[in-house]
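What follows is a set of notes on a single structure, which appears directly below.
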2 protein chains.
Amino acid sequence: MLKISKLTDYSTVVMAYLAQFPEKMHNAKDITAQTHIALPTVSKILKALTKSGLLLSHRGAHGGYSLANAAIKITIADIITAMEGKPGLTECSHNNTLCALQPTCAIAGNWQTISSIVYKTLEKISLQDMVLLKGSHLQHHFNGEEHIK
Amino acid sequence: MLKISKLTDYSTVVMAYLAQFPEKMHNAKDITAQTHIALPTVSKILKALTKSGLLLSHRGAHGGYSLANAAIKITIADIITAMEGKPGLTECSHNNTLCALQPTCAIAGNWQTISSIVYKTLEKISLQDMVLLKGSHLQHHFNGEEHIK
DNA sequence: TATAATTAGTACTATAGAGGTCCTATTTTA
DNA sequence: TAAAATAGGACCTCTATAGTACTAATTATA
Ligand code: FES
Ligand code: FES
């Protein structure tokens, strides 16, 4: 399905929360309380985001997580890629494809192109956009056509 | 994952094939032979596309399927929607959502907006684009910025 | 140094959905 | 009437997701 996974969705919620207080460190318990996502799930997300370099972690007492970069530098595409791996709208968008049709498929190249178009769109939406703007404002933002060209 | 399903991918292959001979009728066996997709799978796809109104079917001897509209009128978004149902990048993009976080979720509105942006992008790619243009040409097509604004 | 707090890493289970196959009924042409 | 083709649905298998749990490693601080 053309959907991001629930974990990816949750991870944007977590990231958006962290972006509200960029300097502060938040532990998993805090984030659970604020986002209402179950603790083990939050924990799993935080580990994945850290491993991908989007978050910095600090162990031990008073440890926690914080954004590795400014919210304006982090894009939705970054978060999706961190949680779901290499982008690509179809199996066939990847080089190491397993699709049996590829030798005869007339449209494989087109899907690679479409994937990259979609990802470029997602790269133009930053975490900051998510935090600062409510839905309607984000809509207006894009209708202004500053981001998508 | 932010991927279309394999069946959806295959359905674009089938549609692209049918679009090459818009007036002709093709039966499932023909399409299997040309696309190398297994017959039962082709059959399943054709039924789904017919039910959604993208194809016309004709039963009986010398029956088959044909495009319901001109290739230029059919978009990638149409095909995805036909195969996968209502668009929306997250569970939470739908009204009848089941997400427990919604009451407190700070970003639900944003995802609805992002979904609609992505779908608007996909609505700008027609079946005809898939048929007429090879990958690199499609890329060039979009770099020309005629479609995405 | 001892203790408590906190992340890192890994492994597990259960569920839903995707992918694929097959069978039977219905319709149409010849 | 016979043959050709779609319509519809039942069915199974496999994979990926979501969620949980446990242990090890690390750090601050009393
Ligand atoms: S469907 Fe896999 S390469 Fe085209
Ligand atoms: S994560 Fe479901 S509503 Fe925001």
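Labels below follow one simple rule: chain letters A, B, ... track the order of the sequence lines, proteins then strands, and each chain is numbered from 1.
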_Residue of the set Leu7(B), Leu2(B), Thr8(B) for which side chain to side chain contact (heavy atoms under 4.5 Å, CB included) holds with Ile4(B)_ = Thr8(B)
*Which residues satisfy the side-chain contact (heavy atoms from CB on, under 4.5 Å) test with Ala38(B), sequence neighbours excluded?*
Pro40(B), Thr41(B)
*asked:* If the condition is side-chain contact (heavy atoms from CB on, under 4.5 Å), which residues does Lys6(B) pass it with, not counting sequence neighbours?
replied: Glu91(A), Tyr10(B)
*Please list, by residue number, the residues of residues 48-69 of chain A whose heavy atoms come closer than 4.0 Å to an atom of DNA chain C; answer none if no residue qualifies.*
Thr50(A), Ser57(A), His58(A), Arg59(A), Gly60(A), Ala61(A), His62(A), Gly63(A), Gly64(A), Tyr65(A)
In whole angstrom, give the distance that lies between atom [atom1] of [X] and atom [atom2] of [N].
X	N	atom1	atom2	result
Leu46(A)	dG9(C)	CG	P	13 Å
Ile31(A)	dT6(C)	CD1	P	12 Å
Met83(A)	dT17(D)	CE	P	10 Å
Asp30(B)	dA4(D)	CG	C1'	13 Å
Lys29(A)	dA4(C)	NZ	P	14 Å
Asn27(B)	dT27(C)	CG	C1'	15 Å

Side-chain atoms of residues 12-31 of chain A: list all donor-acceptor pairs with protein atoms under 3.5 Å, sequence neighbours left out, distances to 0.1 Å.
residue  : atom : partner   : partner atom : Å
Thr12(A) : OG1  : Asp9(A)   : O            : 2.5
Thr12(A) : OG1  : Trp111(B) : NE1          : 3.2
Asn27(A) : OD1  : Lys29(A)  : N            : 3.2
Asn27(A) : OD1  : Asp30(A)  : N            : 2.8

_The criterion is side chain to side chain donor-acceptor pair (under 3.5 Å); which residues satisfy it with Ser11(B), sequence neighbours excluded?_
none
_Other residues, nucleotides and ligands only: do more than 12 of their heavy atoms fall within 6.0 Å of CG on Leu56(B)?_
yes
*asked:* Expected output is a numbered-order residue list: members of residues 11-26 of chain A with a heavy atom under 4.0 Å from any atom of DNA chain D. What is it?
replied: none
_Strictly distance-based, threshold 3.5 Å: is any side-chain N or O of Ser43(A) a donor or acceptor partner for the main-chain N or O of Leu39(A)?_
no
*Which atoms form the tightest heavy-atom contact between Gly53(B) and Ala68(B), and what is the distance?*
O-CB, 3.3 Å
*Return each pair, listed once, that meets side chain to side chain donor-acceptor pair (under 3.5 Å) where at least one residue sits in residues 64-78 of chain A; pairs must be two or more places apart or across chains.*
Thr75(A)-Asp78(A)
*asked:* Can you pull out every side chain to side chain donor-acceptor pair (under 3.5 Å) where at least one residue sits in residues 31-40 of chain B? Sequence neighbours excluded, please.
replied: Thr104(A)-His36(B)
*For residues 69-93 of chain A, which residue pairs qualify under ring pair (Phe, Tyr, Trp, His ring centres under 6.0 Å), counting only residues two or more places apart or in two chains?*
none
*Spell out protein contact along nucleotides 15-23 of chain C as letters: B when the base is contacted, S when just the sugar-phosphate is, - when no protein heavy atom is under 4.0 Å; keep the 5' to 3' order.*
---SBBB--
